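For reference, the structure discussed in these notes is given below.
Just so it is clear, the model here is predicted, and its values are computed rather than measured.
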Amino acid sequence: MPKDDTGRGIRALHDAARSTVKARTATLDQVAHILITAPDDIRVKCTALRGKTRVDAISRLRPTGDGPRVVLLTALKTLARRVQALTAEHDVRTRACIARQTAAGGAKKEIIRLLGGRSPERLSATPLRRSPSPTSPPSGPHAGPRTSPPRPSPSTSESGRP
């Protein structure tokens, strides 16, 4: 991309969107760390959920109970709402980045690169940080070698010949 005002503007939007993702990730880490030391009933309920489902459930909490419990639930609720706000902010910044890139004549390939491999059509439906599904096989650089399923042995007839 040429280094003109349009390119600098797109880069600034991209940097702002990336900063939002970092802040969101840090907030999700805070939620996870608070849940580690939370009372058993809260920890069991919240750790059974993942991703957006967990954030949505925590953001709807109604803090009740004794003093420390109310403080803990209020902190979790505040952090979950921050995650929701940062997700919305990221979507707005990314859409602005796409609009500027498209207006500058950018190719779809460049737009997808700016989105970190996500298609612009699936922007709001794709999570920013994907949690692995409990049923999906591990993936990524630390997942270990991929192995193929064992091949069936050639069937033999009763006479022992294939």
Side-chain angles (χ1 to χ4, degrees), residues 9-102 106 108-152:
I10 292 170
R11 175 59 57 201
L13 284 170
H14 179 62
D15 290 346
R18 190 172 32 202
S19 171
T20 305
V21 171
K22 287 180 182 180
R24 182 181 182 276
T25 302
T27 306
L28 285 169
D29 289 343
Q30 285 179 312
V31 169
H33 291 141
I34 288 174
L35 287 174
I36 290 170
T37 59
D40 290 338
D41 62 324
I42 296 170
R43 185 175 55 250
V44 168
K45 283 181 191 176
C46 293
T47 54
L49 304 172
R50 294 279 179 239
K52 187 177 183 321
T53 308
R54 178 193 284 179
V55 171
D56 290 345
I58 293 173
S59 72
R60 290 190 304 266
L61 287 175
R62 294 185 180 187
T64 58
D66 60 352
R69 184 179 177 88
V70 169
V71 171
L72 176 82
L73 292 174
T74 302
L76 284 171
K77 183 174 183 172
T78 302
L79 290 170
R81 288 192 172 176
R82 183 182 300 162
V83 168
Q84 291 173 328
L86 288 167
T87 301
E89 182 180 333
H90 177 265
D91 284 350
V92 167
R93 288 180 176 178
T94 304
R95 288 181 196 283
C97 190
I98 291 169
R100 297 290 189 270
Q101 181 72 26
T102 305
K108 185 170 182 173
K109 183 178 177 181
E110 177 66 14
I111 294 170
I112 290 173
R113 187 191 64 76
L114 288 173
L115 293 175
R118 295 184 302 152
S119 172
E121 291 82 23
R122 298 183 61 218
L123 179 62
S124 60
T126 307
L128 298 178
R129 183 170 118 177
R130 185 171 169 252
S131 300
S133 161
T135 59
S136 67
S139 62
H142 304 291
R146 292 189 182 256
T147 58
S148 301
R151 292 184 180 181

For residues I36 and H33, determine if any side-chain heavy atom of one lies less than 4.5 Å from a side-chain heavy atom of the other. yes
Tell me the closest heavy-atom pair linking A57 and L49, and the distance in Å. CB-CD1, 3.6 Å
Contacts of A32 that satisfy side chain to side chain contact (heavy atoms under 4.5 Å, CB included) - sequence neighbours left out: none
Could you list the residues that satisfy side chain to side chain contact (heavy atoms under 4.5 Å, CB included) with Q84, not counting sequence neighbours? V55, D56, S59, R81
Taken in chain and number order and not counting sequence neighbours, the residues that satisfy side chain to side chain contact (heavy atoms under 4.5 Å, CB included) with D40 are R43
Check salt bridge (charged side-chain N to carboxylate O under 4.0 Å, His left out) between R54 and all other residues, then give those that pass, not counting sequence neighbours. none
So which atom in A17 and which in T94 form the shortest heavy-atom distance, rounded to 0.1 Å? CB-OG1, 4.0 Å
Mind checking the CZ-CG spacing from R93 to D15? Nearest 0.5 Å is all I need. 10.5 Å
Does any pair with a residue in residues 69-80 pass side chain to side chain donor-acceptor pair (under 3.5 Å), and if so which ones, sequence neighbours excluded? D41-R69
Gap separating the OG atom of S19 from the NE2 atom of H90, nearest 0.5 angstrom: 10.5 Å
In chain order, what residues pass the side chain to side chain contact (heavy atoms under 4.5 Å, CB included) check against L72, with sequence neighbours excluded? I34, A38, P39, I42, L76
Minimum-distance pair of heavy atoms, taken over all atoms of T20 and L86: CG2-O, 3.2 Å
Partners meeting side-chain hydrogen bond (donor to acceptor under 3.5 Å, both in side chains) with R82 (sequence neighbours left out): none
